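Values below: all heavy atoms of this structure, side chains included; hydrogens, waters and symmetry mates excluded. From a predicted model like this one, the values you see are computed outputs, not experimental measurements. Ligands are counted one by one from 1 in listed order, and the atoms in each one are counted from 1 as well.
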Amino acid sequence: MDRFLIEGGRPLEGSVRIGGAKNAALPAMAAALLTCERVELDNIPQVRDIITMGRLLAHMGAVVETPELPPTTMIIRAEKINGAEAPYELVRTMRASILTLGPLIGRTGSARVSLPGGCAIGARPVDLHLKALEQMGAEISTSHGYVEARVPGSGRLRGGHVIFDKITVTGTENVLMAAALAEGETKIENAAREPEITDLADLLIKMGAEIEGAGTPTIRVRGKQKLHATQHTVIPDRIEAGTFLVAGAITNGALELTGCAPEHLASVIAKLRETGVEIHETAPGTLAVRGAKTLAAADVRTEEYPGFATDMQAQFMALATQAEGTSVITETIFENRFLHASEMIRMGANISIEGRRAIVHGPSTLSGTSVIASDLRASASLVLAALVARGETIVDRVYHIDRGYERIEEKLSSIGARIRRVH
Ligand code: EPZ
């Protein structure tokens, strides 16, 4: 298993290019199942989850090509769908496989998708996805660890009125995709408003779908008989950008991030500024971040977009260990997303967990040791902590980080970090 060896204590300086958003690219790839024509996706990040989704689509009969090197363009042709099935072997490595459920039912009238299990950060059920698809006419059963769905009669879903009990990102995406080929209009209420939802809607509209209201809590979709070929450029990864903003801040460095979408980072930028970090948009899509000698503590509460993203909570905690005073970090989205805290404590951080709140007293001098990454964003936060720790930190199980950050050790090395991957 790969590990990172990180020697802390160097301010990071220079420029980093932010890649395409993993969490926008995954639904975009799944959406290609909705048409038999060619879908070209650009700004695809080179991360493990994308490779897994490519394998999954190929397993279903789609032809998936990455014609250039590095492979930031992907061409998908799902002319025929041979097997509308997402097997456990692939789903168990990537929960986002559930994103194939909506398009498969929409296009073929049936699907068999392995139930994703719980994961380190929480139980993460998919009940809301299933309930919504049932409201659109799918008959769904779960047995032997699989979701089996079929649409009786014509095989075509019908528009429905979906009210989500709780805001769900991939749930909203599944319904959007299914509704694009359903008969009649679907109204989705309490929809997620993440930029990844708007990006998916933009892609579907280019494919011929009629969608209004994406980015708001109420989305209306008028279903079409058929969708067609298109090209789409995936939005920049706001979580990768946020992680590098923290990297600049925590090392008291000066970084320039290019290729980002500052408008998607408003709550993260506001929170970092509260700690004393300077952030400016120096050109369209370019952010400059400069650390501060002394950082101030700040409280954070994770929320659905446009609130502070749960996917940035762990990285913010790393920063809070270096801030003067007490920061209270409240996680409201996932029930068990503080696994990084115990590893940071082993590095010398002063953190106590009370239910959904982490109380961080800073600043603490961190010292390098061996730590274990438990999930994608937790791994990123441990890398950030290692960048300010005294001595060498070994971050184990970096396969988690490879799922969602492209060549992070290369990007960090290029701005002055001492980081090495060992096999
Ligand atoms: C998406 O996960 C992201 N994944 C996650 O990113 C992100 O943390 C999360 O949204 C929240 O922003 C992708 O986009 C591929 P949810 P998703 O459904 O859609 C509960 C990362 O690090 N819920 O919005 O699975 C659920 O348990 C990852 O890149 C139900 O109860 O999250 C959670 O508490 C990790 N029933 C809450 O809703 C359901 O049917 C929000 O989850 C669905 C969700």
Main-chain N/O of Q46 paired to E406 side chain as donor or acceptor, under 3.5 Å = yes
How does R337 reach ligand 1, by side chain, by backbone, by both or by neither, if only non-hydrogen atoms under 4.0 Å count?
-> side chain
Identify the protein heavy atom lying closest to atom 32 (O) of ligand 1, giving its residue, its atom name and the separation to 0.1 Å.
-> F334 CZ, 3.9 Å
Winner among G171, A96, P125 once heavy atoms are compared against atom 43 (C) of ligand 1 = P125
Under-4.0 Å salt bridge between R158 and E183 = no
Under 3.5 Å: donor-acceptor pair, side chain of E240, backbone of G19 | yes
Do any N/O atoms on I333 end up under 3.5 angstrom from N/O atoms on ligand 1?
-> yes
Which residues satisfy the side-chain contact (heavy atoms from CB on, under 4.5 Å) test with L295, sequence neighbours excluded?
-> T275, V277, A292, L319, Q322, A323
S267 (side chain) donor-acceptor with G307 (main chain) under 3.5 angstrom | yes
Just heavy atoms, cut-off under 4.0 Å: does L376 contact ligand 1 by side chain, backbone, both, or neither?
-> side chain
Which segment of K166 sits under 4.0 Å of ligand 1 when only heavy atoms are counted = side chain
for atom 2 (O) of ligand 1, nearest protein heavy atom and its distance come out as R124 NH2, 3.3 Å
Ignoring angles and geometry beyond distance, decide whether E173 reaches within less than 3.5 Å of ligand 1 through its nitrogen or oxygen atoms.
-> no
Considering residues, nucleotides and ligands other than R55, do more than 12 of their heavy atoms fall under 6.0 Å from its CZ?
-> no
Of the choices D127, V169, I98, D237, which has the non-hydrogen atom that lies closest to atom 1 (C) of ligand 1?
-> V169
Could you pull out the closest heavy-atom pair between F244 and L255, with the gap in Å?
-> O-CD1, 3.5 Å
Here the atoms of ligand 1 under 4.0 Å from any heavy atom belonging to H129 are 40 (O)
Within a distance under 4.0 Å of any heavy atom of K22, pick out the atoms of ligand 1 and give their elements.
-> 21 (C), 29 (O)
Can you sort out which atoms of ligand 1 are near V126, meaning under 4.0 Å from one of its heavy atoms?
-> 39 (C), 40 (O)
Does any N or O in the side chain of R377 come within less than 3.5 Å of the main-chain N or O of M312, such that one atom is a donor and the other an acceptor?
-> no
Out of T310, D375, I167, indicate the one that has the non-hydrogen atom closest to atom 11 (C) of ligand 1.
-> T310
Look at the side chain of T286 and the backbone N and O of T258, then say whether any donor-acceptor pair between them is shorter than 3.5 Å.
-> no
Note: ligand 1 atoms sitting under 4.0 Å from heavy atoms of D311 are 5 (C), 6 (O), 7 (C), 8 (O), 21 (C), 22 (O), 28 (C), 29 (O), 35 (C)
Partners of N82 by side-chain contact (heavy atoms from CB on, under 4.5 Å), sequence neighbours excluded?
-> K80
min-distance protein heavy atom vs atom 17 (P) of ligand 1 -> T170 OG1, 3.5 Å
